[in-house]
Engineer: 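The structure is given below, and queries will be raised subsequently.
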Amino acid sequence: RWLKLTLLVILIVVSNAVTVWMLTRPPPNPFLPDYKLLAPEPANRLLSDVAGNYQTGTREGARGLKIMADGRIHWIKFGLKGAIVEESDLTAKAAASAGRPALFTNGDALVEIVDASTLKFYGDTYRRKLP
């Protein structure tokens with residue numbers, strides 16, 4: 001009789017622990033498309049090809065990306081007269097998503113590479129700026 005009662009208590013505790021775990025775990029990012037990280041050699045080639053400065057425009061509220069060949073990304077938001085009002089540093093790994101090259105950031109986001117001079121990040125289109 002005590003064995004049955006002990007088993008019931010253990011079953012209830014385990015069931016509640018699983019429920020709490022399922023309710024408190026972070027949900028998967030619904031906006032992140034499927035992706036696959038690239039092997040080291042093609043990844044290095046992609047990072048060196050995409051390295052450079054990109055901007056969404058020149059007006060207030062425009063954003064910029066400075067991508068380094070080692071995978072570091074510096075994100076900038078511009079204010080009046082090109083003043084920097086917000087900055088963030090990210091790291092990225094080369095990936096492929098839907099058959100196209102992309103960069104997977106440590107912020108669980110994809111920088112889609114549209115063509116040699118165009119990127120898409122969080123729905124914004126960034127164009128390469130010439131030095």
Engineer: Only counting residues at least two apart or in another chain, list the ones meeting side chain to side chain donor-acceptor pair (under 3.5 Å) with Tyr54.
Structural biologist: Arg128
Engineer: Between atom NZ of Lys36 and atom CG of Leu38, what is the distance when rounded to the nearest 0.5 Å?
Structural biologist: 8.5 Å
Engineer: Please round to the nearest 0.5 Å and tell me the distance separating atom CD1 of Ile73 and atom CD1 of Ile67.
Structural biologist: 5.0 Å
Engineer: Under a 3.5 Å distance rule, please check whether Thr19 uses its side chain to pair with a backbone N or O of Ser15 as donor and acceptor.
Structural biologist: yes
Engineer: Using salt bridge (charged side-chain N to carboxylate O under 4.0 Å, His left out) as the criterion, list what pairs up with Arg72, not counting sequence neighbours.
Structural biologist: Asp70
Engineer: Filter on salt bridge (charged side-chain N to carboxylate O under 4.0 Å, His left out), then keep only pairs touching residues 39-54, sequence neighbours left out; what's left?
Structural biologist: Glu41-Arg45
Engineer: Going by the rule salt bridge (charged side-chain N to carboxylate O under 4.0 Å, His left out), which residues pair with Arg100 if we only count those two or more places apart in sequence or in a different chain?
Structural biologist: none
Engineer: Roughly how far, to the nearest 0.5 Å, is the CD atom of Glu60 from the NZ atom of Lys77?
Structural biologist: 8.5 Å
Engineer: Which word best sums up how the rings of Tyr126 and Phe121 line up, parallel for under 30°, tilted for 30 to 60°, or perpendicular for over 60°?
Structural biologist: tilted
Engineer: Does any pair with a residue in residues 85-96 pass side chain to side chain donor-acceptor pair (under 3.5 Å), and if so which ones, sequence neighbours excluded?
Structural biologist: His74-Glu87, His74-Asp89
Engineer: Can you measure from CG (Leu103) to CD1 (Ile113) and round to the nearest 0.5 angstrom?
Structural biologist: 4.5 Å
Engineer: If you define the side chain from C-beta out and look only at heavy atoms, does anything of Met22 sit under 4.5 Å from Val18?
Structural biologist: yes
Engineer: What residues form a salt bridge (charged side-chain N to carboxylate O under 4.0 Å, His left out) with Arg63, not counting sequence neighbours?
Structural biologist: Asp124
Engineer: Are there more than 12 heavy atoms of other residues, nucleotides or ligands under 6.0 Å from atom CG of Asn16?
Structural biologist: yes
